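Let me begin by presenting the structure, written as structure tokens, before commenting on it.
So that the names make sense, note that chain A is the first sequence line, chain B the second, and so on, each numbered from 1. Quick caveat, the model's predicted, so the values are computed rather than measured. Computed from heavy atoms alone, side chains included, the values below leave out hydrogens, waters and symmetry copies.
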Protein chains: 2
Amino acid sequence: MNRHTPRIRDVARVAGVSTATVSRALSKPEVVSAATLEAVRAAVQATGYTINQSARNLRQRRTMGVVALVPNLANPFFSRIMAGVSAVLAPAGYNLLVVDTQGPGVERHIARTLDRSRADGLLVFDGTLPADDLLPDRQSPPVVMVCEWIEGLATPTIRVDNAAGARLAMAHLAGLGHRQIGHLLGPEGNVLAQARAQGARAALAERGLPVREDWFFPGDFSLESGRRGACEWIARPDRPTAVFCASDEIACGFIGEVQRRGLRVPKDVSVVGFDNIELVAHITPALTTICQPRRAIGEAAAKVIIALMEGDAAPGGHKVLPLELIERDSTSSPRN
Amino acid sequence: MNRHTPRIRDVARVAGVSTATVSRALSKPEVVSAATLEAVRAAVQATGYTINQSARNLRQRRTMGVVALVPNLANPFFSRIMAGVSAVLAPAGYNLLVVDTQGPGVERHIARTLDRSRADGLLVFDGTLPADDLLPDRQSPPVVMVCEWIEGLATPTIRVDNAAGARLAMAHLAGLGHRQIGHLLGPEGNVLAQARAQGARAALAERGLPVREDWFFPGDFSLESGRRGACEWIARPDRPTAVFCASDEIACGFIGEVQRRGLRVPKDVSVVGFDNIELVAHITPALTTICQPRRAIGEAAAKVIIALMEGDAAPGGHKVLPLELIERDSTSSPRN
DNA sequence: CGAGCTGTTGTAATCGATTACACTATCGAA
DNA sequence: TTCGATAGTGTAATCGATTACAACAGCTCG
């Protein structure tokens, strides 16, 4: 019958009221009379009307969209956080847009998202973005940093205390009797990696244990860098009896290579990871690791950005979620 | 200075031209004179103008958005596919919206996305959605099924030949000399799980090997279901000497539990997975698995949906991407 | 009985870009 | 010189909902 999708005008005609009334019936039902409300409902049914979001967005000057800027979408670390974000955003009527900050020519694309007509809010998971772009001004939507942060940028941040997590790990290893403890680092410029390394150094120093830079192996959070770390670790004549890895993926890569070389975990080396991704409970040995409440991080981030978008000026600012050491089978007392 | 964000009218005034000209200068530069183009460019610079997407969307009757309906966002299997999708969508100017099809009350939310004013295209990763909702009509945007599909729904689909993948796995195990081969199933209603199970059965039958239903262990793609499968497998007096798992996560859960019980892989049981997620190359033993080209799947899906959105009526329809068995260390000849 | 509410509805302006159509200037061909 | 084609630009309608404002009915209160 209708050659095009029904508009609010069609509903109004069928219901015998004005478009204003239809609009009100749909968005604030409490201001229209019961009879009219019913008529509108029926007309909506009859016409199969669905609202045109673009028109509403234009008029209301918002997009109902939240953009998540994620460094490397392929990293499974983010998936559970995203699930948490989505679980809060969706019921509130917001759309979750995902943008990968890696890859060629993304700068342009990111810049595009940074204005209000694109998104009402921004969740930034990447601490390496140029801080200038994220400064709050009239043009750009509110920003919440998640996990990572940018030094000197005062923006609400949801994160964990990474240094404290590193201390937990080191305390656990030291408590088991290890006195020679190394660290597999995350990527050089990364704030998480830095905080974890700094926490590890501090924990060693506090206990009077050696802080040897040649036991801090370079890496980048990836499996492959864990594997390389294992090669370097093995090659060292005086190698640490335990290592704390800046991520679970590093730990998996490390353990895999160590085992492939015929050594045993935890017998020959104890290993602690960071993140507690699902899988590490099931590898052999099950990985002792620092558990990040990933879903809670996502949920918290979503709640804060919603509060900001809906006008709450100061919705709590920085939020630091608790970390926890999960002891499994990859750590034990050193051999002797 | 300006109390509000600059509009095209402001640019027009500064450049001394009409809004129509500004619009043309920005979207089809070839139709305006070089001088005007330059003036507009300068004016855009001067005013800091950025286009208002909502207005453009309203007028052009599109949203530049593609929605991905994903069952369980937390599943790392999807992350690399999403990276592929994003890598194609972003340069083409489309936004990627992600919706989790699990969780409470999502039906309403999904329904909302299914009209043209919300998204220009739909990528469906969930084969359990009601087929009716996805039937193409004037109201709903084009749909591409990815990985999973819905029986009887003629919609372009990007997938792999799951049954063939299962055959590859079984052929590999049979080739090693196994004659008692089991299968850890995916979730019951899932088309992927069904296709893989059916392929596994067929491969066994073709070779005259026993097809024993009690060697088909129930599961749901998860690590935990792999662990449970291992418990059941161990409890069986006459257990198969090899198992093919419907996903890598199942395989990891299975291997972990088997090893925890003191048995060895592949000595006591050979294991083949499905997907080739990054991690399984690094566990011990490295997992032999069927490699899905996940990034390529994402890229292909994005290309097809773009073609559909831009009007190509028949952009190739079904596309089946190649699978490959990757032999690692979790499979060997049976003990005797 | 009239002023002042309250509750309900309609009219029309508005959000900001795109684009159909009309118009002018310029140039080559007849 | 005139006609037509072409290139470049402006005017104003349009996309579809929201909402400021006004209008009006029915009531209460003095």
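When distances run from any side-chain atom of A/Arg59 to the nucleotides D/dA17, C/dG16, D/dG8, the shortest one goes to D/dA17. Side chain of B/Arg56, nearest nucleotide from C/dA17, D/dT19, D/dC15: C/dA17. If you check D/dT9, C/dT19, C/dC15 against the side chain of B/Gln60, the one that comes closest is C/dT19. Closest to the B/Ser18 side chain, of the nucleotides C/dT11, D/dT11, D/dA17, is D/dT11. In the set D/dT18, C/dT9, D/dG16, D/dG16 carries the atom at the smallest distance from any side-chain atom of A/Leu58. If you check C/dG10, D/dA17, D/dT9 against the side chain of A/Ala20, the one that comes closest is C/dG10. The side chain of A/Val17 approaches C/dG10 more closely than any other nucleotide in the set D/dG8, D/dG10, C/dG10. Among the nucleotides D/dG10, D/dA12, D/dT9, the one closest to the side chain of B/Thr19 is D/dA12.
At whole-Å resolution of the value, CZ in A/Arg7 and P in D/dT18 are 15 Å apart. The CD-P distance, from A/Gln53 to C/dC15, rounds to 20 Å in whole Å. Rounded to an integer number of Å, the gap from CD1 of A/Ile8 to P of C/dC15 is 19 Å. Look at CZ on B/Arg9: it is 14 Å from P on C/dT18, rounded to the nearest Å. At whole-Å resolution of the value, CG in A/Asn57 and P in D/dG16 are 14 Å apart. Counting to the nearest Å, the C1' atom of D/dG8 and the CG atom of B/Leu26 are 16 Å from each other. In this structure, the CZ atom of B/Arg13 is 15 Å from the P atom of D/dG10, given to the nearest Å. Atom CD of A/Glu30 and atom C1' of C/dT9 are 15 Å apart (whole Å).
The side chain of B/Ser33 contributes an N or O atom lying less than 4.0 Å from OP1 or OP2 of D/dT9. Contact check, A/Ser54 against D/dC15: no side-chain N or O comes under 4.0 Å of OP1 or OP2. Within the 4.0 Å cut-off from OP1 or OP2 of D/dG16, at least one side-chain nitrogen or oxygen of B/Arg61 is found. For C/dG16, the OP1/OP2 oxygens have no side-chain nitrogen or oxygen of B/Tyr49 closer than 4.0 Å. Checking the phosphate oxygens (OP1, OP2) of D/dG10, a side-chain nitrogen or oxygen of B/Thr21 falls inside 4.0 Å.
Looking only at distances, a side-chain donor or acceptor of A/Thr157 sits under 3.5 Å from a matching main-chain atom of A/Thr155. With hydrogens and angles ignored, the 3.5 Å screen pairs no side-chain donor or acceptor of A/Asp120 with any backbone N or O of A/Arg62.
We find the CE-CG distance between A/Met64 and A/Asn95 to be 7.5 Å, quoted to the nearest 0.5 Å. For the atom pair CD1 of A/Ile297 and CD1 of A/Ile158, the computed distance is 9.0 Å after rounding to the nearest 0.5 Å. One distance of note links CG of A/Leu26 with CZ of A/Arg41; it measures 8.5 Å at 0.5 Å rounding.
Of all non-hydrogen atoms in A/Glu299 and A/Gly84, the two that sit nearest each other are CG-O, 3.6 Å.
Residue contacts shown for A/Ser23 include a base, since a base heavy atom lies under 4.0 Å away.
Each of B/Thr36 and A/Asn52 was matched to the nucleotide of DNA chain D holding its nearest heavy atom; the match closer to the 5' end belongs to B/Thr36.
At a cut-off of 3.5 angstrom, counting only N and O atoms as typed in the model, there is a donor on one side and an acceptor on the other between the side-chain of B/Arg24 and the base of D/dG10.
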